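Inspection log for the structure reproduced underneath, given as structure tokens.
Given the structure is predicted, the values throughout are model-derived calculations rather than measurements. Below, all heavy atoms of this structure are taken into account, side chains as well, without hydrogens, waters or symmetry copies. A note on names: the letters A, B, ... follow the listed sequences, proteins ahead of strands, and every chain is numbered from 1.
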Amino acid sequence: MTAPDRLAEPAASEEERAGQDHFDRIIAEDSRIEPRDWMPAAYRKTLTRQVSQHAHSEIIGMQPEANWITRAPSLKRKSILMAKVQDEAGHGLYLYSAAETLGTPRHELNQQLLEGRAKYSSIFNYPARTWADMGAIGWLVDGAAICNQVPLCRASYGPYGRAMVRICKEESFHQRQGWEILYELSHGTPEQKQMAQDAVNRFYGPALQMFGPPDGDSPHSQQSMAWNIKRFSNDELRQRFVDMMVPQAEALGLTLPDPDLKWNEERGHYDYGALDWNEFKTVLSGAGPCNVQRMQRRRQAHAEGAWVREAAVAYAAKMAERAAEQTEQTERTDRQLIGA
Amino acid sequence: MTTDITSTEGTTGTTTEWPLWEVFVRSSRGLSHVHAGSLHAPDATMALRNARDLYTRRNEGTSVWVVPSAVIASSDPDSKGGYFESAQGKAYRHATYYTKSEGVKHL
């Protein structure tokens with residue numbers, strides 16, 4: 001190009017202004033941002049944090065469930081639980097791929113988790129004590145996840161929205177199998193019914209906390225809504241979830257552990273009691289019942305899986321070498337034939 | 001792109017970087033392959049196997065392609081306007097542009 005050199009500084013800001021205009025227009029039109037589009041640094045950072053945290057949660061979330069694979073009450077239940085754990089791994093991979101398109105490589109995201117620099121959903125720091133917990137986790141935890149994730153299918157960042165579409169399709173199987181586990185137990189012996197009720201009692205509160213702190217206390221919400229990443233506030237989603245859970249609990253023949261829970265004719269919603277946000281903060285800050293155990297297990301699995309990753313690389317190298325040898329041999333034979 | 005496969009042992013375990021592959025799935029015969037997502041794998045064979053495991057667990061496909069992400073050439077998003085502009089303003093390329101024949105059968 002023969003155009004005179006421009007000063008780097010104004011050129012950059014001019015480009016940035018054009019980029020910002022383009023970005024603002026796409027957001028205003030409720031269209032999607034794709035990986036190679038210009039985007040504000042804060043948008044990239046927010047999404048990298050949110051999508052990778054989401055991925056970490058899927059991966060850590062495999063642990064409480066894997067805990068029950070060997071003890072599931074029948075071969076069918078074992079198969080279902082294994083399929084579910086496999087799905088969680090898959091969800092983690094979809095999300096890591098989406099996060100990577102924002103510019104942070106996979107190994108860096110993984111390292112952030114292993115070193116405790118990245119967070120994951122606080123719910124997975126609670127233990128899965130009984131078989132009924134598999135039911136409560138499927139029904140309440142995956143139920144809350146779906147409620148949260150369905151609007152994320154319309155997130156303004158293309159790869160994230162597409163990953164969420166795929167995930168939501170698979171999640172409904174998880175919730176139904178959980179509900180069915182609880183249904184079987186609540187229609188079994190009194191002990192089984194009690195086990196189901198205990199599990200619901202333990203997971204209901206933490207499941208409601210999965211939507212995040214109350215709106216007035218949620219630092220990133222406003223900006224995320226302006227960017228069309230989030231579509232509904234934490235409290236809106238939580239209310240929607242409570243309204244869905246009450247009739248489902250009735251169908252199970254179980255109660256939800258909230259004395260303040262009652263239908264509000266005026267609002268057309270269920271009123272619900274205060275949640276223990278101190279407990280939420282404690283668990284999030286690393287002092288929950290299983291935080292240490294979950295992280296230890298994750299680090300151990302990563303270290304013990306090293307040989308698998310190394311073997312895969314060695315095998316790929318060997319196959320490439322063998323293929324090259326074969327090609328060379330064929331060429332040599334061809335040359336000989338032509339020569340003869 | 002050179003694919004640097006490195007292993008670094010540390011207190012937190014091993015980091016191995018595998019190249020990235022884009023996965024395309026054909027949902028049924030007669031349709032085109034559609035981008036389904038991406039994954040990391042050390043070679044094409046394993047990329048294909050992992051793509052099968054990851055993206056076709058629920059009868060999503062009858063055929064899978066994997067392509068190294070590094071070999072995909074794409075248009076520059078910054079020149080989006082200019083690049084696709086020539087298609088704009090050429091309404092005569094669409095059948096609906098021709099209105100005189102309205103009401104005439106089989107045309």
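- Listed options A/K169, A/E304, A/E170 were ranked by heavy-atom pairs under 4.5 angstrom with chain B; first place goes to A/E170.
- Under the 3.5 Å distance criterion, with hydrogens and angles disregarded, a donor-acceptor pair is assigned to the side chains of A/E108 and A/Q112.
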Pair A/R106, B/E17 - check side chain to side chain contact (heavy atoms under 4.5 Å, CB included), show working.
CA-CA 8 Å; A/R106 176 85 52 104; B/E17 291 173 58; over 6 Å; no

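- Using a 4.5 Å cut-off between heavy atoms, B/S74 contacts chain A through both its backbone and its side chain.
- When heavy atoms are compared at a cutoff of 4.5 Å, A/Q86 approaches chain B by way of both its backbone and its side chain.
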Step by step, work out the side-chain hydrogen bond (donor to acceptor under 3.5 Å, both in side chains) result for A/Q149 and A/H54.
CA-CA 10 Å; A/Q149 287 169 349; A/H54 201 155; 2.8 Å; yes

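- A/R298 does not touch chain B: none of its heavy atoms, backbone or side chain, sits under 4.5 Å away.
- Proximity to chain A (any heavy atom under 4.5 Å) is shown, for B/A36, by both the backbone and the side chain.
- To the nearest 0.5 Å, the span separating CG on A/D37 from OG on A/S31 amounts to 9.0 Å.
- With hydrogens and angles disregarded, no donor-acceptor distance shorter than 3.5 Å links the side chain of B/R26 to the backbone of B/W65.
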